[in-house]
Colleague: 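I have a structure I would like to understand better, so I am pasting it below and will then ask my questions one at a time.
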Number of protein chains: 4
Amino acid sequence: MTASPERRRELLATAAEVFAAHGYNATTVRKIADEAGLLAGSLYYHFDSKESMLDEILSTFLDELWEGYDAVLAAGLGPRETIEALVTESFREIDRHRAAVAIYQKESKHLVALPRFQYLADSQQKFEKAWLGTLERGVAAHAFRADLDIRLTYRFVRDTVWVAASWYRPGGGHSPEEIARQYLSMVLDGIAVRT
Amino acid sequence: MTASPERRRELLATAAEVFAAHGYNATTVRKIADEAGLLAGSLYYHFDSKESMLDEILSTFLDELWEGYDAVLAAGLGPRETIEALVTESFREIDRHRAAVAIYQKESKHLVALPRFQYLADSQQKFEKAWLGTLERGVAAHAFRADLDIRLTYRFVRDTVWVAASWYRPGGGHSPEEIARQYLSMVLDGIAVRT
Amino acid sequence: MTASPERRRELLATAAEVFAAHGYNATTVRKIADEAGLLAGSLYYHFDSKESMLDEILSTFLDELWEGYDAVLAAGLGPRETIEALVTESFREIDRHRAAVAIYQKESKHLVALPRFQYLADSQQKFEKAWLGTLERGVAAHAFRADLDIRLTYRFVRDTVWVAASWYRPGGGHSPEEIARQYLSMVLDGIAVRT
Amino acid sequence: MTASPERRRELLATAAEVFAAHGYNATTVRKIADEAGLLAGSLYYHFDSKESMLDEILSTFLDELWEGYDAVLAAGLGPRETIEALVTESFREIDRHRAAVAIYQKESKHLVALPRFQYLADSQQKFEKAWLGTLERGVAAHAFRADLDIRLTYRFVRDTVWVAASWYRPGGGHSPEEIARQYLSMVLDGIAVRT
DNA sequence: AATGAATGAGCCTTCATTCAT
DNA sequence: GATGAATGAAGGCTCATTCAT
């Protein structure tokens with residue numbers, strides 16, 4: 001639609017912020033427009049619909065996420081190092097796309113049902129494959145414990161990372177790398193003192 | 001309003017299920033009514049409003065949760081045993097109030113702003129005090145590691161547990177106690193093999 | 001419907017009071033039932049509908065009003081004495097049927113359109129004939145001024161009387177007869193000091 | 001909300017007409033919209049709510065009324081001349097704001113209870129003060145009779161004037177000034193022939 | 001006579017979307 | 001690129017009314 005991708009990005013950033021703060025359904029097009037300093041109808045010069053804004057926010061985020069993940073997975077690291085790199089990369093994405101991540105967390109469950117958001121299901125599957133595969137490799141290589149249910153472990157690590165988007169605020173004391181280090185330390189070694 | 005706590009509970013259970021599945025805002029009163037087998041307007045014989053249904057669902061859940069928590073906290077256990085008991089109790093609540101927990105996870109952030117849901121903020125504060133206090137006791141007693149950011153640890157444990165409500169299905173292979181055991185094992189000892 | 005005209009009258013009195021206080025449309029059947037100490041549905045054992053309650057209230061009142069008016073009109077009084085008697089009778093009716101009069105004032109304009117309330121139009125016509133006729137007789141007999149628009153005079157006297165129902169409270173200092181005397185004094189002789 | 005006082009006034013005029021004809025409660029937003037030639041929802045582009053339309057209609061009317069009244073009261077006239085000027089001004093307002101006056105008559109009693117319509121109570125009080133004060137001045141100056149209950153006289157004059165809005169039709173034979181003259185003649189000198 | 005529960009129609013309001021200017 | 005005004009569908013809620021018990 002628009003010629004200027006400049007304005008587009010601005011508007012999407014605003015929309016993402018509002019979606020993240022109030023939820024997609026509870027966000028009215030007018031609230032976005034107010035925040036962006038124009039009238040509700042005017043947004044339709046730039047975007048087809050409210051849903052297409054959401055679409056563009058999520059797909060942009062996922063594209064960037066997979067750029068990072070694919071680089072890690074292609075690097076030929078050992079299982080423990082792979083997990084470390086994926087976690088660190090994830091916290092970096094949370095740092096850069098906090099709003100998009102928060103939206104993803106809250107809305108993806110409903111959205112996967114819509115044909116338009118098919119790519120969410122694809123991404124989730126690819127995601128699961130990457131993480132589960134790495135964990136299995138790690139168990140086989142005696143890097144990770146063999147006595148745990150591996151799906152439970154997968155969910156545990158996955159949730160641990162992404163749920164952080166709900167409270168993380170960029171520029172708030174901890175860098176993404178520092179948070180990643182602490183999380184990895186807990187996940188890998190536990191919080192109990194070794195005896 | 002009316003007495004007949006029988007029908008009330010039935011309707012609330014239905015409402016909770018629909019709220020959990022589609023989100024509070026996206027849930028129409030008619031969807032609840034359809035599911036319950038009556039007309040939308042008829043729900044208002046039993047409840048004041050859609051919001052009051054949500055209110056009753058959440059407050060009932062929190063009341064029961066705190067009954068369990070308070071018993072644990074009053075038992076005079078050591079810090080590690082307290083954490084173990086709280087986690088186990090939490091998974092039991094997820095098992096019994098899955099829908100309410102899922103709703104709580106998704107909606108409480110917006111709801112705390114409403115005066116009517118003040119008790120959510122109260123509960124969160126009490127919750128934080130209980131968990132943070134136990135963790136601090138544990139660090140002081142050399143049961144938990146001292147090199148971790150304690151607030152980060154708190155969020156880590158808290159979120160790890162409750163996010164489980166998003167994928168947990170009662171009667172699905174693992175009992176709540178079994179899940180609690182595995183989660184505790186990961187959180188306390190880590191997933192890496194000890195060297 | 002009911003066998004006991006006792007209960008019927010009680011319920012109608014309650015209904016009239018609520019209709020008068022809040023207006024017919026703004027009055028819910030439940031408000032009446034609450035006031036009467038039963039449930040909304042139970043009123044339908046005694047009455048066909050909300051409208052039929054209104055109907056019975058108004059027709060009962062008009063029946064009594066015309067009993068009094070007809071007696072006056074049949075007495076063969078002079079025009080001035082007839083006006084005096086009609087005004088006095090009107091205030092007596094306001095005293096005895098305050099609620100019904102208030103309802104009549106507020107609602108009759110809309111109700112005349114409904115076939116069921118045809119008798120309101122009939123009554124109004126008969127009313128106008130009686131008053132206008134008396135005034136005309138009075139002008140012819142040089143009892144009333146000839147320089148005034150007679151329809152205007154009619155409306156003036158009519159409204160002067162009936163609008164009192166909006167503020168009149170039975171047992172409040174002035175008896176109906178006393179109020180009638182003062183009103184008649186103003187209407188007949190004016191409020192200005194004679195020079 | 002919006003600017004364009006043009007359209008606003010049109011729509012308010014339509015709304016006032018419908019409110020006056022059917023009563024506020026019995027008037028549906030759709031009826032107003034139909035009359036105005038748009039859809040019900042479209043009214044909310046111009047107004048916050050049905051109640052805010054009513055508010056604006058009444059406050060606009062009262063503002064204009066008090067402009068006129070205040071001018072009269074500040075003119076330093078004698079009591080009789082003040083009453084004459086107030087009555088004349090009142091009929092002029094009825095002529096210009098017939099619908100608003102009719103609404104005021106029918107609804108103000110319920111509305112004063114609402115905080116939003118506090119100004120109705122204020123106006124009523126100011127109104128009573130102006131009229132009662134003038135009547136008292138007149139009694140003291142021997143312009144008005146001293147043998148009448150002054151509050152009764154006040155209500156009598158007040159209601160007599162305003163109730164005219166229920167039957168007055170602009171452009172119907174009598175000008176507001178002509179009606180005022182006749183009313184004043186009746187109120188001041190009575191309808192009886194002097195003997 | 002009255003209750004408890006439900007119906008069904010309608011109401012006020014919201015909101016994504018459209019479009020002439 | 002944006003505004004102002006409107007559409008139309010849907011949503012939460014109210015209420016007169018019904019009826020088996």
Side-chain angles (χ1 to χ4, degrees), chain A residues 1-4 7-8 11 24-33 36-53, chain B residues 1-4 6-8 11 25-33 36-53, chain C residues 1-4 7-8 11 24-33 36-53, chain D residues 1-4 6-8 11 25-33 36-53:
Chain A
M1 306 219 92
T2 323
S4 141
R7 191 89 175 98
R8 228 184 147 67
L11 293 172
Y24 174 71
N25 274 307
T27 296
T28 69
V29 167
R30 218 183 110 197
K31 223 183 291 181
I32 300 171
L38 39 65
L39 290 183
S42 308
L43 281 172
Y44 287 79
Y45 178 79
H46 300 278
F47 305 98
D48 285 340
S49 66
K50 184 181 163 190
E51 198 181 82
S52 84
M53 293 187 226
Chain B
M1 302 222 96
T2 328
S4 179
E6 208 65 12
R7 190 89 176 99
R8 238 184 137 67
L11 294 172
N25 274 307
T27 297
T28 70
V29 164
R30 229 185 87 205
K31 223 180 293 181
I32 299 172
L38 39 65
L39 289 184
S42 306
L43 283 172
Y44 289 82
Y45 179 77
H46 300 276
F47 305 99
D48 283 338
S49 64
K50 183 182 164 191
E51 197 180 87
S52 85
M53 293 186 223
Chain C
M1 305 219 93
T2 322
S4 141
R7 190 89 176 99
R8 226 183 148 67
L11 293 172
Y24 174 70
N25 274 307
T27 297
T28 68
V29 167
R30 219 184 111 196
K31 223 182 291 181
I32 300 171
L38 39 66
L39 290 183
S42 308
L43 282 172
Y44 287 80
Y45 178 79
H46 300 276
F47 305 97
D48 284 340
S49 65
K50 183 181 163 189
E51 199 181 80
S52 84
M53 293 187 226
Chain D
M1 300 222 95
T2 329
S4 178
E6 209 64 11
R7 191 87 176 99
R8 239 185 136 67
L11 294 172
N25 274 307
T27 297
T28 69
V29 164
R30 228 185 90 202
K31 224 182 290 182
I32 300 172
L38 39 66
L39 291 183
S42 306
L43 283 172
Y44 290 80
Y45 179 78
H46 300 277
F47 305 98
D48 283 339
S49 64
K50 183 183 164 189
E51 195 180 88
S52 86
M53 293 186 225

Colleague: Examine F:dA5: is either OP1 or OP2 under 4.0 Å from a nitrogen or oxygen in the side chain of D:S4? Give yes or no.
Modeller: yes

Colleague: Which residue, D:T28 or A:A26, contacts DNA chain E at a nucleotide closer to its 5' end, judged by nearest heavy atom?
Modeller: D:T28

Colleague: Going by side-chain contact (heavy atoms from CB on, under 4.5 Å), name the residues that satisfy it together with C:A40, two or more places apart in sequence or in a different chain.
Modeller: C:V29, C:R30, C:A33

Colleague: For D:R7, give me all partners under side-chain contact (heavy atoms from CB on, under 4.5 Å), at least two apart in sequence or on another chain.
Modeller: D:S4, D:E10, D:L11, D:L38, D:H46

Colleague: Is B:R7 close enough to E:dA6 that one of its side-chain N or O atoms is under 4.0 Å from OP1 or OP2 there?
Modeller: yes

Colleague: Would one find a side-chain N or O of A:Y45 under 4.0 angstrom from OP1 or OP2 of F:dA2?
Modeller: no

Colleague: Measuring from atom CD1 of B:I32 to atom CZ of B:F47, what distance do you get when rounded to the nearest 0.5 angstrom?
Modeller: 9.0 Å

Colleague: Quick one: stems for DNA chain F, with Watson-Crick or G-U pairs under 3.5 Å, at least three in a row?
Modeller: E:2-21 with F:2-21

Colleague: State which of E:dC11, F:dG4, E:dT17 makes the closest approach to the side chain of A:L39.
Modeller: F:dG4

Colleague: So what does C:T27 touch, heavy atoms closer than 4.0 Å: a base, only the sugar-phosphate, or nothing?
Modeller: sugar-phosphate

Colleague: Nearest to the A:L38 side chain among F:dA2, F:dA6, E:dT17, which nucleotide is it?
Modeller: F:dA2

Colleague: So D:L43 and D:M53, do their side chains get closer than 4.5 Å, heavy atoms only?
Modeller: yes

Colleague: Report yes if at least one side-chain N or O of D:H46 is closer than 4.0 Å to OP1 or OP2 of F:dG4; otherwise report no.
Modeller: no

Colleague: I want to verify a distance call: between E:dG4, F:dG12, F:dC15, whose nearest atom is closest to the B:K50 side chain?
Modeller: F:dG12

Colleague: Round to the nearest Å and state the distance from A:R8 atom CZ to F:dG1 atom P.
Modeller: 12 Å

Colleague: For B:S49 and C:E51, take the nucleotide of DNA chain F holding the closest heavy atom to each; which residue's nucleotide lies nearer the 5' end?
Modeller: B:S49

Colleague: Could you tell me how far apart A:N25 (CG) and E:dC15 (P) are, to the nearest whole angstrom?
Modeller: 11 Å

Colleague: Measure CZ/D:R30 against C1'/F:dG8 and give the value in whole Å, please.
Modeller: 13 Å

Colleague: Between D:G37 and A:G37, name the one whose nearest nucleotide on DNA chain F is closer to the 5' end.
Modeller: A:G37

Colleague: Whole Å only: how far is the CG atom of C:L43 from the C1' atom of E:dG4?
Modeller: 15 Å

Colleague: For a quick test of reading the model, state the closest non-hydrogen atom pair linking A:K50 to A:Y44 and the distance between them.
Modeller: N-OH, 4.3 Å

Colleague: Between the protein and nucleotides 19-21 of chain F, list every N/O to N/O distance that falls short of 3.5 Å.
Modeller:
none

Colleague: Could you pull out all residues at least two apart from A:S49 that satisfy side-chain contact (heavy atoms from CB on, under 4.5 Å)?
Modeller: A:E51, A:S52, A:R116

